[in-house]
Amino acid sequence: MAELNQRRKQPADAHAAAEALSHDQAPAGSGSADKRHGLGRQWRQGMPCAPAAAAALLASLAILAAVALLARLLPGAGRGKGSLHQAGLFTAEQLARYDGSRGNKLVYLAVMGEVFDVSPGARHYGPGGGYSRFAGRDASRSYVTGRFATDAHDDVADLSGEQMAELVRWRDFYVNHKEYNRVGWVVGRFYDAKGAATPLQQTVQAAAAAHTAAVAAAEAAKAAGAAAFEGQGGEQAPQPDPCNVKWTKAEGGSVYCPAGKFPRRVIRPDWQGQPQEQCACLASSDVSGTARLYEGCSEEAASCRTSPPQRPRASAG
């Protein structure tokens with residue numbers, strides 16, 4: 001900043017120098033001081049723009065120097081002309097600089113290769129925040145699996161259609177957020193060095209669209225069947241009952257259903273209308289993507305363990 005202030009003073013100093021030159025450095029051969037000042041006035045009249053031009057030139061140079069100084073102070077400066085970041089593309093290394101821990105305090109994250117500025121939510125995504133693992137990287141997989149420690153990366157090729165649809169919903173969450181802005185793309189699994197979508201990006205989009213269409217078709221068929229049933233004087237089939245839950249230190253946690261029904265993991269809306277996994281007692285023992293078994297539980301079981309017994313603590317001494 002001292003350099004910038006010094007350059008700001010230069011136009012005024014240059015103007016003063018030009019004034020001194022016009023008064024004291026009249027053309028050679030001058031006589032007395034009065035005559036010299038008189039010729040000085042004539043000389044100034046003959047070159048009225050010289051001081052102003054010099055001042056304007058120095059002012060322009062000062063502005064250019066200020067711009068260069070500010071450019072060095074801006075976040076991410078010095079990447080070089082024509083760099084990927086300058087074109088709206090980030091390498092993984094460049095994205096890692098935006099985790100909120102550096103001087104610029106900016107927080108970026110990526111989902112499906114799209115980079116979003118989430119700095120307004122720095123208390124959540126910045127250092128010490130509950131979602132800080134997402135900052136400065138593309139952690140697409142962990143959005144779906146919930147394993148933030150091991151799955152904070154963008155390898156999603158083996159996800160199911162249902163999981164890919166959920167990943168697209170997370171991407172759309174940031175796209176539509178009123179405070180977060182998309183600022184670029186990551187060169188990697190989802191976008192190439194020219195910013196074009198990779199085959200994986202296309203696969204995820206297609207699988208998500210297919211799953212969403214299948215779910216919509218199933219819901220439409222269900223609604224049509226219910227409407228037809230009601231039209232015949234019947235009543236709409238009730239929603240499945242929730243599972244009974246039990247936990248003891250000796251037995252651990254479990255879910256169970258009445259005789260003739262089977263506990264299954266299903267996705268149902270919570271009180272806010274958001275999808276949430278719950279346990280429901282179904283009349284059919286069939287297993288599907290929307291009615292999943294609990295780990296270690298058989299298809300015909302009426303009770304399934306959800307947590308192990310609590311081991312007694314060893315007594316001291």
Participant: Side-chain heavy atoms nearer than 4.5 Å, only ILVMFWY residues, links allowed to pass through others: does that put L282 and Y294 together?
Facilitator: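 No: no chain of side-chain contacts under 4.5 Å links L282 to Y294.
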
Participant: Rounded to the nearest 0.5 Å, what separates atom CZ in R169 from atom CG in N176?
Facilitator: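 Going from CZ on R169 over to CG on N176, the span is 13.5 Å.
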
Participant: Got more than 12 heavy atoms from elsewhere within 6.0 Å of CH2, W170?
Facilitator: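 No - once you tally the heavy atoms of other residues, nucleotides and ligands closer than 6.0 Å, there are 12 at most.
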
Participant: If hydrophobic clusters are built from ILVMFWY residues whose side chains come within less than 4.5 Å, do F173 and F148 share one?
Facilitator: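 Yes, F173 and F148 fall within the same hydrophobic cluster.
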
Participant: If hydrophobic clusters are built from ILVMFWY residues whose side chains come within less than 4.5 Å, do L200 and Y191 share one?
Facilitator: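 Same cluster.
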
Participant: With the side chain counted from C-beta on, respond yes when D117 and V107 share a heavy-atom pair under 4.5 Å apart, and no when they do not.
Facilitator: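 The answer is no, as the side chains (C-beta and beyond) never meet within the 4.5 Å cut-off.
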
Participant: Could you tell me whether E179 atom CD has more than 12 heavy atoms of other residues or ligands within 6.0 Å of it?
Facilitator: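 Buried by this count: over 12 neighbours within 6.0 Å.
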
Participant: Judged by atom type as modelled, is there a donor-acceptor pair below 3.5 Å linking the side chain of S285 to the main-chain atoms of E300?
Facilitator: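 Checked: no pair found.
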
Participant: Find out whether D155 and R189 are in side-chain contact, i.e. whether some heavy atom of one side chain is under 4.5 Å from a heavy atom of the other.
Facilitator: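 Side-chain contact under 4.5 Å: yes.
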
Participant: Between T145 and D151, is any side-chain donor less than 3.5 angstrom from a side-chain acceptor?
Facilitator: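 Yes - a donor-acceptor pair under 3.5 Å links their side chains.
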
Participant: Does Q94 use its side chain to pair, donor to acceptor, with the backbone of T91 at less than 3.5 Å?
Facilitator: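 Judged by distance alone, yes, a pair lies under 3.5 Å.
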
Participant: So, for P258 and N244, which heavy atoms are closest and what is the spacing to 0.1 Å?
Facilitator: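 Nearest heavy atoms, P258 then N244: CD-ND2, 4.4 Å.
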
Participant: Check the hydrophobic clustering (I, L, V, M, F, W, Y; side-chain heavy atoms under 4.5 Å; chains of links allowed) and say if V215 and V144 are grouped together.
Facilitator: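 Not linked; separate clusters.
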
Participant: Just so I know, are the side chains of V168 and M164 near enough to count as touching, which here means a heavy-atom distance under 4.5 Å?
Facilitator: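 The answer is no; the side chains never approach within 4.5 Å.
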
Participant: Is the shortest distance from a Lys or Arg side-chain nitrogen in R141 or D154 to a carboxylate oxygen in the other one below 4.0 Å?
Facilitator: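 D154 and R141: not salt-bridged.
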
Participant: Is K246 paired with E251 through a side-chain N to carboxylate O contact shorter than 4.0 Å?
Facilitator: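 K246 and E251: salt-bridged.
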
Participant: Measure from the side-chain N and O atoms of Q201 to the backbone N and O of M112, and report whether any donor-acceptor pair falls under 3.5 Å.
Facilitator: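 Pair found, side chain donor or acceptor close to backbone of M112.
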
Participant: Do F90 and V187 have side-chain heavy atoms sitting under 4.5 Å apart?
Facilitator: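 No. Closest side-chain heavy atoms not under 4.5 Å.
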
Participant: Applying ring-ring contact (aromatic ring centres under 6.0 Å, His included) between Y108 and each of Y98, W185, Y180, report the one that passes.
Facilitator: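 The passing option is Y98.
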
Participant: Does the S303 side chain pair with the main chain of Y256, one donor and one acceptor, at a distance under 3.5 Å?
Facilitator: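 Such a contact is absent between S303 side chain and Y256 backbone.
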
Participant: Treating R264 as the side-chain partner and R292 as the backbone partner, does any N or O pair qualify as donor plus acceptor under 3.5 Å?
Facilitator: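 The answer is no, because no donor-acceptor pair under 3.5 Å joins these two groups.
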
Participant: Looking at side-chain heavy atoms only, is the closest gap between S140 and F190 below 4.5 Å?
Facilitator: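 Sidechains of F190 and S140: in contact.
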
Participant: Are the aromatic rings of Y174 and F116 close, with centres under 6.0 Å apart?
Facilitator: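 They qualify: ring centres under 6.0 Å apart.
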
Participant: Quick one: CZ on R305 to OG on S307, what's the gap to the nearest 0.5 Å?
Facilitator: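 Going from CZ on R305 over to OG on S307, the span is 8.0 Å.
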
Participant: Heavy atoms only: give me the nearest P263-C279 pair and the separation to one decimal.
Facilitator: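 In this case the closest contact between P263 and C279 is CB-SG, 4.0 Å.
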
Participant: Heavy atoms, side chains only, cut-off 4.5 Å: are L167 and V156 in contact?
Facilitator: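 Heavy-atom side-chain distance check passes, below 4.5 Å.
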
Participant: Give me the atom names and distance for the closest heavy-atom approach of D138 to G113.
Facilitator: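 The pair with the smallest heavy-atom distance is OD2-N, 2.8 Å.
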
Participant: Any heavy-atom pair between the side chains of Q205 and R171 that's under 4.5 Å?
Facilitator: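 With C-beta onward as the side chain, the pair touches.
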
Participant: Does R123, at its CZ atom, have more than 12 non-hydrogen atoms belonging to other residues, nucleotides or ligands within less than 6.0 Å?
Facilitator: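 No - once you tally the heavy atoms of other residues, nucleotides and ligands closer than 6.0 Å, there are 12 at most.
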
Participant: Find the distance between CG (D241) and NZ (K261) and round it off to the nearest 0.5 Å.
Facilitator: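 Reported to 0.5 Å precision, the distance equals 4.5 Å.
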
Participant: Quick check against the 3.5 Å criterion: does T198 have a side-chain atom that pairs as donor or acceptor with the backbone of D192?
Facilitator: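 Pair absent, no side-chain N/O of T198 close to backbone of D192.
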
Participant: Which atom pairs, one a donor and one an acceptor, fall under 3.5 Å between side chains of residues 129-137 and the rest of the protein, sequence neighbours left out?
Facilitator:
from	atom 1	to	atom 2	distance (Å)
S132	OG	G129	O	3.2
R137	NE	R133	O	3.3

Participant: What distance do S119 atom OG and L109 atom CG have between them, rounded to the nearest 0.5 Å?
Facilitator: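 These two atoms lie 9.5 Å from each other.
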
Participant: Do D99 and K105 meet the salt-bridge criterion of a basic N to acidic O distance under 4.0 Å?
Facilitator: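 So K105 does not pair with D99 through a salt bridge.
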
Participant: Taking C281 and C243, which are both Cys, do their SG atoms fall under 2.5 Å of each other?
Facilitator: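 The answer is no, since C243 and C281 keep their SG atoms 2.5 Å or more apart.
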
